[in-house]
Amino acid sequence: MMGPVRDPFDDSPKEACGVFGVIGIGEPVAHLTYLGLYALQHRGQESAGMAVSDGEHLTVVRDMGLVSNVFDDRTLAPLTGHLAIGHTRYSTTGSSTWGNAQPVYRNIGEYQFALGHNGNLTNTAQLADEHGMLPGTVSSDSDLVAELLSYELSQNFDPTSSGALEAALMAVLPRLEGAFSFVVMDTDRVYGMRDPSGLRPLCLGRRGDTWVVASESPALDIVGATMVREVEAGEVVVLAKGEDPRSLRPFPEERIDPKLCLFEFVYFARPDARLYGQSVHHARVRQGEALAAQAPVEADMVMGVPESGVPAAEGYARASGIPFGQGLVKNRYIGRTFIAPSQEMRALGVRMKFNPLRDNIEGRRIVVVDDSIVRGTTQHQLVRMLRDSGAREVHLRLTSPPVKWPCFYGMDFGDSSELLAGKLDIDGIKDYLGVDSLAFIEIHRLLESTGAREAGFCDACFTGNYPIEVPVELNKGVLEAGAATRIERGSSVAASAVLDQPSLLPADDARRTP
Ligand code: SF4
């Protein structure tokens, strides 16, 4: 299968998707879904889509591009009804094509349903094999789940009977492994659900008698809904016309083990989101405060790399007493770029996104706060840009520990061979980036900064401790680095297995190593 198309100028981690669902009599549900997806645009920019039903028919509209490219008044006008789901996509499995845009749609005779998925299944190949599907029969893990539901609805349940989709979900969900927050609908009901580890977020809100589920709470805010609560790990919330939400529990109790993605607090989630009841913005401020305590330095100004580094820079400045200032202006209008990555263009790529404020930088010792280092190409260019603008010293502080391990649960960092911290130790990274000092937040401080340490987190990309077993075929990058052949649930693969590898900087980067 083709992998996702990468933006050559963007080495930030990529979220898998955003999902939204709504049910409300007399409500413009298509427009509400549009707004909800707009608020979730950061979770996926490759494609957008929605499914809408009036109780009789279900219509799906989806296309490649941003929410505002796919939908306008003309496309929304015919989408009338009282229930809808929506999806924004970044592909971590399956190719970046129209055919993989979501919601996924199926019909069994007259019966119709649609599905949107945020996450990444880890047992797709096994499930496809069990169902005798030939390679290439399904184009993504989301497509596979739709196939499994179709099979149940056509073979084991009567799709015309009320609650058939509910029964099919109860049969299929326990067989899925990995990360999944789904929104699913037919012409009667909307279902919102999280995997037993709750790796991807999902919350429930209401506006009067209208009920909403969404990946993040800002998608509730934008439609005027109030957050009721987060959907629990392993819970299915059923939204039906004129009823209060019901909960289903399809998973055995021993599988329920909350492990929300820690990276949501560092980078992925919007700062105005609430996760585990905590403000993401305030968590990021606390990350900066923790870094100031852990890695103090004498400097003249603290600046954040927009956007996610800024609240942490405020925290660092407040805790250290060093003035906060703006050092970079971000081009607000840039989206994904698809220009061929020539050497010259790579060098200019960061300038497309950031421009330095020379007056604030020249002659100063600068503390730069950023969220994470993945391939390191962005930070490498940023440091050069700051030095070219006259920075006397550059001290880099990261609000995440080194990202050494791939994510198999729906984030796209690339594999171990692409991760800078998978190849270099701290001193090596410091030399490569050309900074005067470098510090990554310690994992215990990061967990503490969430304000919900005991609630349960996945931190596998920092620790190698994967909460859900990763089968061999997914584990290719780690295998290439000479580590374990199978990552068992809860196991920790020795970091040295990767760090012992020779420093294989990409050729482009190696030429620019200071
Ligand atoms: S491996 Fe990292 S990015 Fe992936 S779910 Fe776990 S914490 Fe999040």
Side-chain angles (χ1 to χ4, degrees), residues 4 11-18 42-44 90-93 117-123 141 176-181 194-202 215-216 233 257-270 273 275-276 280 283-284 287 308 371-375 398-416 418-422 440-450 452-453 455-471 474-478 481 483-484 487-493 495 498:
D11 73 338
S12 58
K14 300 297 182 303
E15 173 60 91
C17 295
H42 62 292
R43 298 184 76 90
Y90 176 83
S91 58
T92 52
T93 70
H117 176 201
N118 173 205
N120 208 23
L121 298 189
T122 53
N123 64 337
D141 51 356
L176 309 183
E177 290 174 15
F180 47 92
S181 282
R194 290 176 81 185
D195 63 74
S197 300
L199 278 152
R200 300 283 143 242
L202 193 70
S215 293
E216 294 180 30
D257 182 21
K259 296 285 182 197
L260 177 67
C261 169
L262 187 52
F263 230 103
E264 295 277 356
F265 271 97
V266 172
Y267 172 79
F268 295 124
R270 286 175 51 142
L275 297 171
Y276 278 156
V280 171
R284 289 179 185 161
Q287 289 161 19
S308 47
D371 52 75
S372 56
I373 293 178
V374 179
R375 296 199 294 278
L398 283 310
T399 60
S400 70
V403 179
K404 294 179 182 173
W405 307 99
C407 176
F408 301 102
Y409 310 137
M411 300 299 171
D412 183 19
F413 298 134
D415 62 34
S416 300
E418 296 174 82
L419 298 171
L420 192 64
F440 294 85
I441 196 170
E442 292 163 349
I443 187 82
H444 72 93
R445 293 181 194 265
L446 174 57
L447 286 165
E448 209 59 57
S449 75
T450 64
R453 183 181 184 138
F457 286 99
C458 172
D459 57 12
C461 50
F462 311 124
T463 62
N465 187 10
Y466 289 89
I468 300 169
E469 188 175 302
V470 180
L474 289 183
N475 186 5
K476 191 167 171 287
V478 178
I487 302 178
E488 302 292 343
R489 178 184 166 85
S491 71
S492 178
V493 182
V498 169

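Position 1 is the first residue of the sequence; numbering continues from there. Read the numbers this way: they start at 1 and go in the same order the structure lists the ligands and their atoms.
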Answer yes or no for Cys261: is there an N/O/S atom below the 2.8 Å cut-off from atom 2 (Fe) of ligand 1?
no
Under a 3.5 Å distance rule, please check whether Glu264 uses its side chain to pair with a backbone N or O of Pro201 as donor and acceptor.
no
Would you say the side-chain atoms of Tyr276 pair up with the backbone N or O of Gly456, donor to acceptor, closer than 3.5 Å?
yes
Among all protein heavy atoms in this structure, tell me which lies nearest to atom 3 (S) of ligand 1, with the distance rounded to 0.1 Å.
Met411 CG, 3.4 Å
How long is the gap from CZ on Arg43 to CZ on Phe268, to the nearest 0.5 Å?
8.5 Å
Numbering as shown, the atoms of ligand 1 that approach Leu262 to under 4.0 Å (heavy-atom distance)
7 (S)
Which residue and non-hydrogen atom of the protein lie closest to atom 7 (S) of ligand 1, and at what distance in Å?
Cys458 O, 3.0 Å
When rounded to the nearest 0.5 angstrom, what distance separates NZ in Lys259 from CZ in Phe457?
10.0 Å
If the cut-off is 2.8 Å, does any N/O/S atom of Cys407 fall short of it from atom 8 (Fe) of ligand 1?
no
Of all the non-hydrogen atoms in the protein, which one sits nearest to atom 1 (S) of ligand 1, and at what distance?
Cys461 N, 3.4 Å
Taking atom SG of Cys461 and atom CG of Leu419, what is their separation to the nearest 0.5 Å?
9.0 Å
Closer than 4.0 Å to some heavy atom of Arg200 - which atoms of ligand 1 meet that?
5 (S)
Check the orientation of Tyr466 and Tyr409. Use parallel for under 30°, tilted for 30 to 60°, and perpendicular for over 60°.
perpendicular
